[in-house]
Amino acid sequence: MRPSYFGYWGKARKSDDQAGDEYHLLPYHCLDVAAVGWWMLAPGRALNEDLAQFLTISPEQLQKLFAFVLMLHDLGKFASAFQNLVIIDDSPLCRNPVKSPYDSGKARHDRMGAHFWLMMTQGKSLSASSLGFKDTDFGAMNQSLESLNMLLDSVFGHHGKPVSREYLKILSCYRHPLDVEAASMFVRDCARLLELEWPEAQLADRDWFARLRQASWHLAGLAILCDWIGSNQGYFHYCADDEIELAAYWERAKRQALDALALTELGKSIQVQPFVSVQQHFGFSPTPLQRWAETVPLSQGPQLFILEDVTGAGKTEAALTLTHRLLAAGEADGFYFGLPTMATSNAMFGRVADHYRQMLTFEDGVPSIVLAHGARQMHDGFREALSERSPQDRPYLDEDETASLHCNQWLADSRKKALLAPVGVGTIDQALLAALPRKHQPLRLLGLHRKVLIFDEVHSADSFMLELLEDLLTAHLRQGGSAILLTATLSQSQRRRLCRAWQKGAGLSLEERPLKRDFPLATHLDSCGRFDETTLESRPEVSRSLKVAFLAGEQACVDELISARERQQCAVWIRNSVDDAIDAYDQLVQATGSEQGITLFHSRFTLKDRKSIENGVLATFGKRSTSDDRKGQILISTQVFQESLDADADLMISDICPIDDLIQRAGRLHRHRRDAAGNPSFTGEDGRPEPTLLVHAPVWQETPDGNWLLSAMRNTEYVYRSPGKLWLGMRVLRDKGEILMPEGARDLIEAVYAPDAQNNIPEALQGKHQGYCGEERHKASQALNQTLEWEQGYSWKSSPVWLDDDVEISTRFADREMVQVLVLKKSDDGQLLLWAEGEPFALQNSIVKLAKNSIADHLAPLPETERVGYQALLGRHQQAKYLQPWLAEVDKGFAYSPEKGVIRQNKEVE
C-alpha cells in the first residue's frame, strides 16, 4: 500500500498559464522546499560555515538538520480542514470530515503544524527512536525536545511571523485522527530518507539551546526564502503522481532546486576584486580621511567605524574604500548603504552604481544593485536580477495568502528586495525594520548577514531612532556584520552611546573612555576590545570661515531672494515645515508676478514628482550646473535640500533650526568652486563674493519670554520642540559671528548638546525644554517597547505583537500618524489611473505620505461612480488595497499639482 500521506495536496489552484496537473502532492511540495534549503545551506557556503561553527556541529550535520525541519514546514496542511478548502473531483485525495471548517485566523496551517508536532511528541503516533534518537520517549527528553521545538518554530513561521504555541491542543477540531497518522508517517520517512545523525549532546545542553535561539533568526529567514523558491511553479511543476517513491522524488527535487538557484543570484558566488588604492578606483588623490580609510589596519571579525568630517571631505568614498577592503579580506559578502531620506538615497544610488562594479563580480557579470524604493530609470547601471517572480497560486480563501503571493509582493517592492541583493541603496529605515517585530523580519535580517552597513547622516537620529540603531548594531555584530557610520555633526554623547552599544554587543566591559574632542575624527572599534581614535586633517578646499547674519520676518527673506535674482544669482530658502515652504512660495510668486524660475521642493509630492523636482534641482544647483542654469533661480525647500544632495547655492537663507542641522545646511552654500559668473571652476579660489549664511529667526532677546519662538515662527516650534536649544545655537553664532570649519565644529555642537549646556537655557524657556526632554525619554521608551527580545529566538515569546507588512511601523518617532495615500487621475476617456500610470514602479511612484489627522482624514473619499474602475485598478495592482485612494480632481478641500504637491484649497481645513 502507498503511504497515506500521498492522499494530501500541498499546492492547488495553479496559475492559468501553467500546464500540468491540477494539484501538487503535499509530500512533494515539502521536499521541494527542503531541496532549496539543502543547497542554500550546503557545506562550503558562508552561512553554513558560520552557523555550523556557532552551533558546534559539522556543516553536513547542519545541512541535514535544516533539510529535515524544512520537510516539516507545511505539516499543518495535513489538517483536513485545510484539505477541504479545495475539492478536486475524481481524485484519490482524502476527504476526512472535521468538526470545524478551516479558520485562517485561529488555525492557519502554519500554526496547525505546531499542533501536529505537539500531538506527535505527546502521543503514541511518533517515537523519538523512530527519528533516530537513542531515547524512545520524547517525555524523557525535556531539553532536547525544547531544542527540537525551537528548530521547528523557525520553519513553522515561514509565512513571516512566529506561530503561537498557546492553546495548541484546542485545535483538534480542525483535523481528523487519520491526519495525525499520515503526518507521523511522513515525519518518520523524512528522517529515514536523510539518515539523520542527531547532535544529541548539544540538543540536551542548555547553553547550546541559547545559541540555537540566536541562530533561529537566520534559519527562519532562510525558511521563508526557501518556501518562496520551492513554491515557484516555474521551477517545481505540479505533480499528482503518487507512484513516485519519496527517495526518487527527493533526488528530482534536489536537481530542480539546483536549477532554480542557478537562475537566481542566490546560487551564485560573489567574487571580490582586489583593492588597490583610492587613486586607482576613484581617479583622484585621496583626502586625509580617504587616506586613513585605505591604510588603517583592519581587524578580523565585526568592526565599527565612525567617520566624522565636514561636508565635502569625501566620507562616501572613504566608506566605500573601507567596505572594499573588508570584502577583499573576506569579512563581508556585500553592503547596504542607508540614507536618511528617499531623496538622498536617489542621489547616492548613482554614485554607488558607478563604483560597485570595481568591487564585486560574478563569473557571468556583475551582481544586482537595488534601489530601495523603486526608480530603475534613474541610472543606466541599475540591475534587479535577484530572483524572478513566480507564477502565482490563487489564494484558497480571500484572507489566506500563498507563498508565491508573498514572494511576488516582496520582489515587487524594491525597498525590501534591496536588503537581499548583494548591493543595496536606500533609506536607513529599511535596515532598521530588520530589528522590529514586523512580518518577514527574519528575511530582512538574513539579507543583512555578512554585509557592511553604511549609514550616512547618522546624527539625524532622534532618541527613538537612536535606540533602534543601537539594537540593530548589536544584532548585526552578533551575526558577524560590520558597520560604518558617517556624520559631520555628531555630538559627543551620541558617539559615546554608539560606541558603548557596540562594546555591549561584543560582551566587552563598558569602561568610560576619554573620547577625543578633536574634529575631524575617525573612530575604529572591533569585537575584541580595540578602540582607536585618530585625529585627521581636513583638506584645504573644505576648510573655511562662513559669516552668519540674522533676518527677522518673512518679508525680509523675500526681499533678499528678489535681490539675489536681480544680481543673477541662484538662491535657496530652507524652511522648517511644508506649510511654511508653500506660504513662502506663494509670497514669492505674488511678489514677482510669475512662477517662472521659482521651484518648490518638499515631502508632500508623489515619488514621481519628487524625483522630477529633485532632478531639476540638481540640474540647477548641482555640481555641473552652469551660469545659464543657475542665474535668477530660486528654490524654496524643506530639509530635503540639506540632506546629502550634492548641490550648492550662491545665497542661502535658513529658518533657525538646531545647530547641527544648520551646519549641514551651511554646507550647501558655495559647496562647489565656481568662477565669478557661477560656472564650475577647478583651479584657484572661488570667484564669487564671500558668502554669508542668512538665518531667519526671531528678534534676539537676551532674556526671552516663553513665547520667544512661538510668536514669531509657530511651525518651527512645532517641529523643534525645545526653543531653548535654538536659543543656545543662536547665542553661540551671535557670539562667534561665523561657522569656522572644521576646527570650530565641535565647539558649536557642544555649546548646545553638552550635558551641562541646558543649564544655560533662560528660565522662561526651561519649562518647554524640560517638556522636550520628557518627550525624548518617552521616545526612547517607546522604541525599547518595540524592539525584539532576541534571546527568546524566533518564537512567539520574542514580541507580544507581530504586525503585517501593510501596517506602518515607523523607525522614527512621530506624534502624527502618517498615511500612505495613492494619488489617482482620470484619463481622457474616463478611465481611473495611477498618477504615474505607464511608468516603471507606477504604484510606488503614485504614493504620497500625509499626516492622518490634519490631511488624510479630510481628503474626499473616492466617489461611488469610480468604484468599478477602482476594482479594475486593484486587479492590476494588488498592493493598492493597503493604500488610501484619492482622486484629487474631485476634492474641494485639497488639491494636487506637480508644482506644489498636496495643498489646502480651503484654509479652514487645518
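Numbering of residues begins at 1 and proceeds along the displayed sequence. None of the values given here were measured: they were computed from a predicted structure.
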Rounded to the nearest 0.5 angstrom, the CG-CD1 distance for Leu588 and Ile634 is 5.0 Å
Candidate pair Trp796 and Arg111, rule side chain to side chain contact (heavy atoms under 4.5 Å, CB included), full reasoning: CA-CA 11 Å; Trp796 62 281; Arg111 189 164 183 239; over 6 Å; no
Measure the shortest side-chain to side-chain distance between Asn84 and Val98 over non-hydrogen atoms and say whether it is less than 4.5 angstrom. yes
Please tell me if the side chains of His29 and His73 come closer than 4.5 Å, counting only heavy atoms from C-beta onward. yes
Looking just at side-chain N and O atoms, do Ser827 and Asp829 make a donor-acceptor pair shorter than 3.5 Å? yes
My understanding is that only one of Leu803, Ile224, Leu788 makes a side chain to side chain contact (heavy atoms under 4.5 Å, CB included) with Gln441; could you say which? Leu788
So does Gln83 get a backbone contact from the side chain of Trp9, meaning a donor-acceptor N/O pair under 3.5 Å? yes
Minimum-distance pair of heavy atoms, taken over all atoms of Val578 and Ser603: CG2-OG, 3.7 Å
Are any side-chain N or O atoms of Asp74 and backbone N or O atoms of Lys77, one a donor and one an acceptor, separated by less than 3.5 Å? no
Side-chain contact test, heavy atoms from C-beta onward, threshold under 4.5 Å: evaluate it for Met713 versus Tyr720 and give yes or no. no
Taking C-beta and beyond as the side chain, do Ile855 and Val821 meet within less than 4.5 Å on heavy atoms? no
Keeping the roles fixed (side chain from Ser846, backbone from Ala836), state whether a donor-acceptor pair exists under 3.5 Å. yes
Ignoring hydrogens and angles, tell me if any N or O in the side chain of Glu866 forms a donor-acceptor pair with the backbone of Leu832 under 3.5 Å. no
Please report the closest heavy-atom contact between Trp228 and His440, naming both atoms and the distance. CZ2-NE2, 3.8 Å
Within the distance-only criterion (no hydrogens, no angle test), does the side chain of His858 pair as donor or acceptor with the backbone N or O of Lys852 below 3.5 angstrom? no
So, the side chain of Lys11 versus the backbone of His24: is there a donor-acceptor pair under 3.5 Å, distance only? no
Is the backbone N or O of Tyr23 less than 3.5 Å from a side-chain atom of Asp21, with the two atoms forming a donor-acceptor pair by type? no
Hey, can you tell me if His158 and His109 have their rings parallel, tilted or perpendicular (30° and 60° cut-offs)? tilted
For Thr606 versus Asn845, what's the shortest heavy-atom pair and its separation? CB-O, 3.5 Å
Could you grab the distance from atom CG of Asp586 to atom CD of Glu595, nearest 0.5 Å is fine? 9.0 Å
With rounding to the nearest 0.5 Å, note down the distance linking CG in Leu468 to NZ in Lys779. 12.0 Å
Would you say Val423 and Phe337 make side-chain contact, with heavy atoms under 4.5 Å? no
To the closest 0.5 Å, what do you measure between OG (Ser612) and CG (Leu607)? 11.0 Å
Passing option when His602 is tested against Asp579, Thr638, Ile613 for side chain to side chain contact (heavy atoms under 4.5 Å, CB included): Thr638
Side chain to side chain contact (heavy atoms under 4.5 Å, CB included) for Gln639 and Asp661? Distances and angles first, verdict last. CA-CA 9 Å; Gln639 292 89 332; Asp661 286 341; 5.8 Å; no
Apply side chain to side chain contact (heavy atoms under 4.5 Å, CB included) to residues Asp609 and Tyr896 and explain how you reach the verdict. CA-CA 11 Å; Asp609 294 326; Tyr896 184 84; 2.6 Å; yes
To check you understand the geometry: which heavy-atom pair defines the closest contact between Ala81 and Pro101, and what is its length? CB-C, 4.1 Å
Residues at least two apart in sequence or cross-chain that pass side-chain contact (heavy atoms from CB on, under 4.5 Å) with Glu899, listed by chain then number, are Ser897
Minimum heavy-atom separation for Ala584 to Arg575, with atom names? CB-CD, 3.7 Å
Under the rule for side-chain contact (heavy atoms from CB on, under 4.5 Å), what residues qualify as partners of Ile903, not counting sequence neighbours? Ile582, Ala895, Lys900
Are Phe894 and Trp886 close enough that their ring centres sit under 6.0 Å apart? no
Does a side-chain heavy-atom distance below 4.5 Å link Asn715 with Asn576? no
Kindly determine whether Arg904 and Ser854 satisfy side chain to side chain contact (heavy atoms under 4.5 Å, CB included), including the steps that lead there. CA-CA 10 Å; Arg904 293 181 175 88; Ser854 60; 4.1 Å; yes
Hey, are Glu837 and Lys825 close enough for a salt bridge, meaning a charged N less than 4.0 Å from a carboxylate O? no
Using modelled atom types and a 3.5 Å cut-off, is there a donor and acceptor pairing between side-chain atoms of Asn615 and backbone atoms of Lys611? yes
Just how far is it from atom CG of Leu834 to atom NZ of Lys608, taken to the nearest 0.5 Å? 10.5 Å
Considering non-hydrogen atoms only, spot the tightest contact between Gln430 and Arg444 and give its length. OE1-NH1, 2.9 Å
Just by distance, do the side chain of Asp891 and the backbone of Ala860 share a donor-acceptor pair under 3.5 Å? yes
Would you mind reporting whether Val819 and Leu850 have side-chain heavy atoms less than 4.5 Å apart? no
Not counting sequence neighbours, which residues clear salt bridge (charged side-chain N to carboxylate O under 4.0 Å, His left out) with Asp110? List them please. Arg108
Decide, yes or no, whether a salt bridge links Glu775 with Arg721 under the criterion of side-chain N to carboxylate O below 4.0 Å. yes
Given 3.5 Å as the limit, does a donor-acceptor pair link the side chain of Tyr238 with the main chain of Ala12, or not? yes
Any chance you could measure Tyr336, atom OH, to Ile428, atom CD1, to the nearest 0.5 Å? 9.0 Å
Flag side-chain contact, heavy atom, 4.5 Å: Ser577 against Tyr718: no
